[in-house]
S.K.: 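A single structure is presented below for examination.
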Amino acid sequence: QVQLVESGGGLVQAGGSLRLSCAASGRTDNTWYMGWFRQAPGKERDFVAAISRSGGSKYYADSVKGRFTISRDNAENMVYLQMNSLKPEDTAVYYCAARLGWGYSPYRDDYDYWGQGTQVTVSS
């Protein structure tokens, strides 16, 4: 079992920045990829970013490329999402997810553990 707890969400004006954190506990040694997803009201939960266990491979949704940066600290069992140049359309609940399977995936069904989510609201 892996437990994930997100933090760092909040209300920010357009153009501002936020840094989300995800604290992982439990059998984290089995987690190959960590990801961030987001879900806006009435919409599907969409892929935002993913990072390999080593941190050497990172993937981003086209909508956040160049603005968001995913990173991880394996010693502290933490995953981060630095979000810059935020837009109102970035407003959503952001979820941290852990994938036990080998290899990258942008599909939420391929992730095995999820946090409870943290709300990000960007005002115009």
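One-based numbering along the sequence shown.
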S.K.: Hey, are the side chains of Val79 and Ile70 touching, using non-hydrogen atoms and a 4.5 Å cut-off?
M.R.: yes
S.K.: Evaluate Tyr33 against Tyr59 for side-chain contact (heavy atoms from CB on, under 4.5 Å), listing each step before the verdict.
M.R.: CA-CA 11 Å; Tyr33 269 82; Tyr59 302 88; 3.7 Å; yes
S.K.: May I ask you to decide whether Asp90 forms a salt bridge with Arg67, counting only side-chain N to carboxylate O separations under 4.0 Å?
M.R.: yes
S.K.: Are Thr69 and Tyr80 side-chain neighbours, meaning at least one heavy-atom pair lies under 4.5 Å?
M.R.: no
S.K.: State which residues pass side chain to side chain donor-acceptor pair (under 3.5 Å) with Asp112; sequence neighbours excluded, sorted by chain then number.
M.R.: none
S.K.: Less than 4.5 Å apart, side chain to side chain, heavy atoms only: is that true for Glu44 and Gln39?
M.R.: no
S.K.: According to the disulfide bond (SG atoms under 2.5 Å apart) rule, which pairs have a member within residues 48-113, sequence neighbours left out?
M.R.: Cys22-Cys96
S.K.: Cluster question for you: counting only ILVMFWY and a side-chain heavy-atom cut-off of under 4.5 Å, with indirect links fine, are Val48 and Val5 together?
M.R.: no
S.K.: With a 4.5 Å cut-off on side-chain heavy-atom distances among I, L, V, M, F, W and Y, is there a chain of contacts connecting Tyr104 to Phe37?
M.R.: yes
S.K.: Give a yes/no verdict on a cation-pi contact between Arg108 and Phe47, requiring under 6.0 Å between NZ or CZ and the six-membered ring centre and an angle within 45° of the axis.
M.R.: no
S.K.: For the pair Leu18 and Gln82, evaluate side-chain contact (heavy atoms from CB on, under 4.5 Å) and give the outcome as yes or no after the intermediate values.
M.R.: CA-CA 6 Å; Leu18 280 175; Gln82 178 66 44; over 6 Å; no
S.K.: For Glu89, enumerate each residue passing the side chain to side chain donor-acceptor pair (under 3.5 Å) test, keeping only those at least two apart in sequence or located in another chain.
M.R.: none
S.K.: Less than 4.5 Å apart, any side-chain heavy atom of Val120 and any of Leu20?
M.R.: yes
S.K.: Yes or no on salt bridge (Lys or Arg N to Asp or Glu O under 4.0 Å) for Lys65 and Asp62, after CA distance, side-chain angles and deciding distance?
M.R.: CA-CA 5 Å; Lys65 278 181 183 176; Asp62 288 343; 3.2 Å; yes
S.K.: Answer with yes or no whether the side chains of Arg38 and Tyr94 bring together a donor and an acceptor at under 3.5 Å.
M.R.: yes
S.K.: Flag the pair Arg19 / Leu81 as yes when at least one side-chain heavy-atom distance between them is below 4.5 Å, and no otherwise.
M.R.: no
S.K.: In terms of hydrophobic clustering (I, L, V, M, F, W, Y; side-chain heavy atoms under 4.5 Å; direct or indirect links), are Met34 and Met78 co-clustered?
M.R.: no
S.K.: Would Arg53 pass as a cation-pi partner of Trp102, given that its NZ or CZ must be under 6.0 Å from the six-membered ring centre and within 45 degrees of the axis?
M.R.: no
S.K.: Apply side-chain contact (heavy atoms from CB on, under 4.5 Å) to Tyr113 and Arg99, showing your working.
M.R.: CA-CA 7 Å; Tyr113 297 101; Arg99 171 165 162 74; over 6 Å; no
